[in-house]
There are 2 protein chains.
Amino acid sequence: MLKNRVKELRARYSYTQGQLGEKAGVTRQTIGFIEKGEFSPSITLSLKLAHILECKVDELFWLEGEEWK
Amino acid sequence: MLKNRVKELRARYSYTQGQLGEKAGVTRQTIGFIEKGEFSPSITLSLKLAHILECKVDELFWLEGEEWK
DNA sequence: ACAAATTGTAATGTATAGTTAACATTAAGT
DNA sequence: ACTTAATGTTAACTATACATTACAATTTGT
């Protein structure tokens, strides 16, 4: 189960979904889907988001639960 | 430009592509493609690989060049 | 209360991640 | 030299990330 802190960190910078998407090169809907956990972005997009939000990928995304181990 | 250290870390554990793929729940070809940089895996798969190879995602994958910033 | 900005959500389309199978090539062991 | 395990590579297929458009719902400012 993939979890993330995108919405929380985005709020810290007062970025709208549209602004964050623009910086990362994706649409606002893509940011919305990620925040809702509706899909698992590529590592490339994840690295860009972590860079923009000034954190490590591991702090932005993590797996929860035991099934995946 | 996405770069990675999968092949190097896989060698450290003496895993074959097949063994690493099995642990991560993907095929050996998928591991082969990732090592060659032929595609950008999902964050979910990246997190699994980092867990198996006992490192941070940021140490396993990174972006090189200036274009993406 | 009103208007504007932001976000939620759904449909449809495209690009690409990832699978499977098959065969060629290389490396390692005997 | 021979055999086997591991890897490289290609093609065809499926699943899903992400784009685009449109409109509804919610939030925010005045």
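Chain letters run A, B, ... following the sequence lines, proteins first, then strands; residues in each count from 1. Any value given below was found using the heavy atoms of this structure, including those in side chains, with hydrogens, waters and symmetry copies removed.
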Completion exercise
Sorted by chain and residue number, the side-chain hydrogen bond (donor to acceptor under 3.5 Å, both in side chains) partners of A:Thr27 (sequence neighbours excluded) come out as A:Thr30
Practice task
Identify, with sequence neighbours excluded, every residue that meets salt bridge (charged side-chain N to carboxylate O under 4.0 Å, His left out) alongside B:Arg28.
Solution key: none
Problem - B:Lys3: salt bridge (charged side-chain N to carboxylate O under 4.0 Å, His left out) partners, not counting sequence neighbours - result: none
Problem - Strand-adjacent residues in residues 10-20 of chain A, judged by heavy atoms under 4.0 Å from DNA chain D - result: none
Handout entry: Partners meeting side-chain hydrogen bond (donor to acceptor under 3.5 Å, both in side chains) with A:Glu35 (sequence neighbours left out)
Key = A:Arg10, A:Gln17
Handout entry: B/S/- contact track for nucleotides 16-30 of chain D, protein heavy atom under 4.0 Å
Key = -SSSBBB--------
Exercise for the section: Report yes if some heavy atom in the side chain of B:Met1 is under 4.5 Å from a heavy atom in the side chain of B:Leu63; otherwise report no. Expected result: no
Exercise for the section: Using a 4.0 Å cut-off on protein heavy atoms (strictly under), produce a 5'-to-3' string for nucleotides 25-30 of chain C with B for base contact, S for backbone-only sugar-phosphate contact, and - for none. Expected result: ------
Practice task
Check side-chain contact (heavy atoms from CB on, under 4.5 Å) between B:Lys56 and all other residues, then give those that pass, not counting sequence neighbours.
Solution key: A:Asp58, B:Glu59
Exercise for the section: For B:Lys48 and C:dA17, give me the distance from atom NZ to atom P, rounded to whole Å. Expected result: 17 Å
Handout entry: Between P of C:dG18 and CG of B:Leu49, the distance in whole Å
Key = 10 Å
Handout entry: Distance test, side-chain N/O of B:Lys7 to OP1/OP2 of D:dT7, below 4.0 Å
Key = no
Practice task
List for me each residue that meets side-chain hydrogen bond (donor to acceptor under 3.5 Å, both in side chains) alongside B:Ser42, sequence neighbours excluded, and say none if there are none.
Solution key: none
Fill in the blank from the handout: Residues at least two apart in sequence or cross-chain that pass side-chain contact (heavy atoms from CB on, under 4.5 Å) with A:Glu54, listed by chain then number, are A:Tyr13
Handout entry: Short side-chain N/O contact to C:dT9 OP1/OP2 from A:Lys36, under 4.0 Å
Key = yes
Exercise for the section: Can you measure from CG (B:Leu45) to CD1 (A:Ile43) and round to the nearest 0.5 angstrom? Expected result: 9.5 Å
Exercise for the section: Nearest whole angstrom, please: distance from the P of C:dT20 to the CD1 of B:Ile31. Expected result: 13 Å
Practice task
Would you confirm whether A:Asn4, through its side chain, and A:Trp62, through its main-chain N or O, come within 3.5 Å as a donor-acceptor pair?
Solution key: no
Problem - B:Leu2 and A:Leu47, any side-chain heavy atoms less than 4.5 Å apart - result: yes
